[in-house]
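I have placed the structure first, in the form of C-alpha cells, so that the comments after it can refer back to it.
When a ligand or atom number is given, it counts from 1 through the structure's own listing order. The structure displayed is predicted, hence computed values, not measured ones.
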Amino acid sequence: MVALEAFRERLVDAIGRGSVLTSPEDLAAYAFDGFCNGPLPAAVVLPRDARDVAAIVRIARDCGQPIVPRGAGTGLCGGAIAGDSGVVVSFARMNRVLAFDAANRRVRVQPGLVNLDLSKAVAGDGLFFGPDPSSQKTSTLGGNTATNAGGPHAFAYGSMSSHVLGIEYVDDAGDVRTVSLDDAGYDLTGALVGSEGTLGIVTAIELRLLRMPEAVRVCLAAFGDIDSASEAVSAIVAGGWQPTALEIIDRTIVRAVEAHYHAGFPVDAGAVLLVETAGERGDVEEAERAIADVARTHGALSWRSASSEREREALWQSRKGAAGAFGRIAPNYYIQDATVPRTKLPVAIRRVQEIARDNGLLVGNVFHAGDGNLHPLLLFDRSVPGQLEAVGHAGHDILATCIDLGGTISGEHGIGTEKRDSLPLVFTDDDLATMTRLRDVFDAHGAFNPDKIFPSGAVCGEVRAAQRLVPAGAWL
Ligand SMILES: Cc1cc2nc3c(=O)[nH]c(=O)nc-3n(C[C@H](O)[C@H](O)[C@H](O)COP(=O)(O)OP(=O)(O)OC[C@H]3O[C@@H](n4cnc5c(N)ncnc54)[C@H](O)[C@@H]3O)c2cc1C
C-alpha cells in the first residue's frame with residue numbers, strides 16, 4: 001500500500017486541495033451514520049462531477065485504498081462508514097438537478113441532491129417524487145438509490161427500485177458507465193439499486209416523477225390497542241381500498257410526539273392509525289368514508305380528518321419527525337427494521353413487546369403498517385451497565401421472530417455492517433455465493449465499500465459494543 005501522505009497528495013493533485021479533507025477534526029464528522037460509528041477514514045473527498053469521481057477511483061485503486069461512497073450519512077446500518085482505512089467519497093457538492101423533462105415526467109439528478117429538494121424543484125409543474133423516507137429532509141437520492149429506500153408512501157408508490165430509470169456510475173476501473181431500464185438484456189439498473197455502494201459509485205440518476213393528485217386526505221383513527229389497529233389495516237387492504245399510506249404509531253410514541261409537535265394526536269389512545277388517501281376528489285371522499293367504516297368495525301374509537309393543508313402537514317411532520325421526539329423518553333434508541341406479512345402484524349407486535357419486556361427494555365412502535373414493515377424502537381440508556389447488551393439480544397430476537405413469521409431482516413434500511421451477520425438467517429450458502437459472484441463481476445478489485453452486506457470482517461463500533469457480551473453470532 002502506498003504511504004498515506006502520498007495517497008492524500010495524489011488526491012489533492014487530481015481534484016484540488018479544497019476538495020480533500022484530512023485533518024482528524026474534519027474526518028471525525030464522517031466516522032458515523034444515523035446509528036453506527038467507526039474509525040476515521042484516511043481521507044474524505046468532495047468531488048464536483050463524474051470525472052473527479054473517476055480520478056478518485058483510479059488513485060484509490062492504485063494505492064490499495066477502499067472507496068466508501070456517502071450521501072448524508074443518515075443510514076442506520078454502517079454502510080457509509082469506512083473500515084480501518086479508505087477514502088470516503090461525499091456527494092455534498094454534487095447536488096444539482098441536471099435535466100428536467102416535465103412532459104415525460106423524468107428528471108436527471110446528481111446523487112447528492114436531497115430527496116425533498118427534488119419534490120420542491122418540480123412542484124411548480126404539478127409533479128413530485130414518490131419515495132419519501134422519513135429522513136427525506138436530509139437523506140440524498142444517491143443514498144436512497146443505494147439502499148433502495150422506502151418510506152410511508154412506498155405502500156402505494158413502491159420503493160426506489162420502482163422509480164429509478166437509469167444510473168450513471170463509475171466502475172472499478174475508473175470508467176464512467178451508464179445503464180438504463182430502456183437497455184435490452186439484463187436489468188443492470190436493478191442490480192445497482194440497493195447495492196449499498198458495493199457495485200459502483202453512482203454519479204447521476206434518472207428518476208420517474210409522479211403527477212400530484214387532485215385531492216389528498218389525511219385522517220387519524222384512534223384505537224384502544226395496537227392489535228385492533230393492525231387488524232384494521234389488514235381489513236382495509238383486503239377490502240380492496242388503496243390508501244397512499246397506512247402508518248401505525250403506538251401510545252409510547254404518540255405521547256412523545258404529541259409533547260414535541262402538538263399536532264393533536266390522541267394521547268389516551270393505545271395506538272393511532274394514520275391513513276392517507278389521494279386521487280380524484282370524488283374517489284378520495286368515497287374511499288375515506290369506506291375506510292372509516294372499516295376502521296370503526298375493527299374498533300376505531302374516533303376518526304378525524306385533517307381539515308387544512310397545514311393540519312395535514314403537521315400530522316406528517318409528527319410522523320416523519322418522530323425520531324426527534326424519542327429523546328423525551330430515553331437518551332438512546334435503536335431502530336430495528338424488519339418485515340412480516342401484513343396479516344401477521346398483531347402477533348409480531350405482541351412478540352416484540354414480550355421480547356422487550358424479557359430484556360428489561362422499553363419499546364415504542366411507529367411503522368409502515370401497510371407493507372408490514374416494522375420499526376420497533378428499543379429505548380435505552382447506554383450509561384446503564386447491561387442495557388446496550390440487552391438491546392443486542394432483543395434486536396436479534398425480533399429479527400428471528402419476524403423470519404419465523406414469514407418476513408425478512410430488512411424492510412428498507414439495508415444491511416451495511418450492522419446486519420451482515422444476519423444474512424445467513426434468510427439466505428443459504430449457495431445464495432450468498434451467487435451474490436458474491438455478482439459483486440466480483442462489478443468490482444473485481446474488492447475496492448467498493450468492502451466489508452459491507454456479506455458476513456465477515458469488522459462491524460461498526462456501536463454494534464461491536466453490544467456484541468461483546470453476547471455469544472458470537474448470537475445477534476446481528
Ligand atoms: C430519522 C430517520 C428516519 C429514517 N426513515 C427512513 C425511511 O422511512 N425509509 C428508509 O428507507 N430509510 C429511512 N432511514 C434510513 C436512511 O435515511 C436511508 O437509508 C437513506 O436512504 C440513506 O440516505 P443517505 O443519503 O443518508 O445515505 P448514506 O447514509 O450516506 O449512505 C447509505 C448507503 O448508500 C451508499 N451510497 C450513498 N451514496 C452513494 C452513491 N452516490 N453511490 C453509491 N452508493 C452510495 C453508502 O455507501 C451507504 O452504503 C431513516 C433514517 C433516519 C435517521
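Of all protein heavy atoms, the one lying nearest to atom 23 (O) of ligand 1 is Ser139 CB, 3.4 Å. Summary of contacts: the protein heavy atom closest to atom 53 (C) of ligand 1 is Thr74 O, 3.6 Å. The protein non-hydrogen atom at the shortest distance from atom 28 (P) of ligand 1 is Gly73 N, 3.6 Å. The single protein non-hydrogen atom nearest to atom 31 (O) of ligand 1 is Ala80 CB, 3.7 Å, given as residue, atom name and distance. Of the protein's non-hydrogen atoms, Gly143 CA, 3.4 Å is the one closest to atom 27 (O) of ligand 1. Remark: minimum distance from atom 7 (C) of ligand 1 to any protein heavy atom is reached at Glu412 OE2, 3.3 Å. Regarding atom 46 (C) of ligand 1, its nearest protein heavy-atom neighbour is Pro69 O, 3.1 Å. The shortest contact between atom 19 (O) of ligand 1 and any protein heavy atom is with Thr147 OG1, 3.5 Å.
Donor-acceptor pairing under 3.5 Å is lacking for the side chains of Thr178 and Glu168. Side chains of Asn115 and Ser139: a donor-acceptor N/O pair is absent below 3.5 angstrom, by distance only. In summary, the side chains of Asn449 and Thr198 do not present any donor paired with an acceptor at a separation below 3.5 Å, with no hydrogens or angles considered. With 3.5 Å as the limit, one finds a donor-acceptor pair spanning the side chains of Ser159 and Asn148. No side-chain donor-acceptor contact under 3.5 Å links Thr140 and Arg70.
Rounding to the nearest 0.5 angstrom, the gap separating the CZ atom in Phe326 from the CZ atom in Arg328 is 12.5 Å. Atom OG of Ser318 sits about 11.5 Å away from atom CD of Glu313, to the nearest 0.5 Å.
A salt bridge links Glu206 with Arg106: the closest approach of a Lys/Arg side-chain nitrogen to an acidic carboxylate oxygen falls below 4.0 angstrom. In summary, Glu196 and Lys452 do not engage in a salt bridge, as defined by a charged side-chain N under 4.0 Å from a carboxylate O. A salt bridge links Lys320 to Asp132: one of the charged nitrogens lies within less than 4.0 Å of a carboxylate oxygen. Arg10 and Asp62 are joined by a salt bridge, as a carboxylate oxygen and a charged side-chain nitrogen come within less than 4.0 angstrom of each other.
The residue from Glu247, His413, Met160 that puts a heavy atom closest to atom 13 (C) of ligand 1 is His413. Checking Gly197, Ser135, Gly321, Gly151 against atom 14 (N) of ligand 1, the nearest heavy atom belongs to Ser135. Considering Pro131, Ser90, Ser134, Gly200 only, the shortest heavy-atom separation from atom 6 (C) of ligand 1 involves Ser134. The heavy atom nearest to atom 11 (O) of ligand 1, considering only Gly150, Cys36, Pro133, is found in Gly150. Ranked by closest heavy atom to atom 48 (C) of ligand 1, the top entry among Gly79, Gly414, Gly142 is Gly79. In the candidate list Asn373, Val202, Ile81, Val202 is nearest to atom 42 (N) of ligand 1, counting heavy atoms.
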Glu412 and His375: CA distance, side-chain angles, deciding distance, side-chain hydrogen bond (donor to acceptor under 3.5 Å, both in side chains) verdict: CA-CA 10 Å; Glu412 55 183 16; His375 285 324; 2.8 Å; yes
Thr434/Asp431 under side-chain hydrogen bond (donor to acceptor under 3.5 Å, both in side chains): CA gap, chis, key distance, verdict: CA-CA 5 Å; Thr434 304; Asp431 296 334; 5.8 Å; no
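With ligand atoms numbered from 1 in the order given, ligand 1 contributes 1 (C) to contacts under 4.0 Å with heavy atoms of Ala323. Ligand 1 places these atoms under 4.0 Å from at least one heavy atom of Ala149: 11 (O), 21 (O). Remark: ligand 1 atoms within the under-4.0 Å shell around heavy atoms of Phe91 are 40 (C), 41 (N). Contact atoms of ligand 1 toward Thr140: 24 (P), 25 (O) (distance under 4.0 Å to a heavy atom of the residue). Atoms of ligand 1 lying under 4.0 Å from any heavy atom of Ala146, numbered from 1 in the order shown and given with element: 34 (O), 35 (C), 36 (N), 44 (N), 45 (C).
At a 3.5 angstrom cut-off on N or O pairs, Tyr333 does not count as close to ligand 1. Taking any N or O of Gly75, backbone or side chain, at least one lies under 3.5 Å from an N or O belonging to ligand 1. Considering backbone and side-chain N/O of Ala72, one or more are found under 3.5 Å from N/O of ligand 1. Inclusion of Asp132 in the set of residues having an N or O under 3.5 Å from an N or O of ligand 1 is not warranted. Of the N or O atoms in Gly71, one or more lie within a sub-3.5 Å distance of an N or O in ligand 1. Of the polar atoms of Pro152, none of the N or O atoms is found under 3.5 Å from an N or O of ligand 1, judged by distance alone.
Here the side chain of Asp171 pairs a donor or acceptor atom with the backbone of Ala173 at under 3.5 angstrom. Between the side chain of Arg342 and the backbone N or O of Gly370 there is at least one donor-acceptor pair closer than 3.5 Å.
Counting heavy atoms closer than 4.0 Å to ligand 1, residue Thr145 contributes nothing at all.
Ligand 1 has Asn144 within reach: a non-hydrogen atom of the residue lies less than 4.0 Å from it. Contact annotation: Asn449 has at least one heavy atom less than 4.0 Å from an atom of ligand 1. In this structure, His368 has a heavy atom closer than 4.0 Å to ligand 1.
More than 12 heavy atoms of other residues, nucleotides or ligands lie within 6.0 Å of CZ in Arg208, so this atom counts as buried by the packing criterion.
Side chains of Leu379 and Asn332 form no contact here, defined as non-hydrogen atoms less than 4.5 Å apart.
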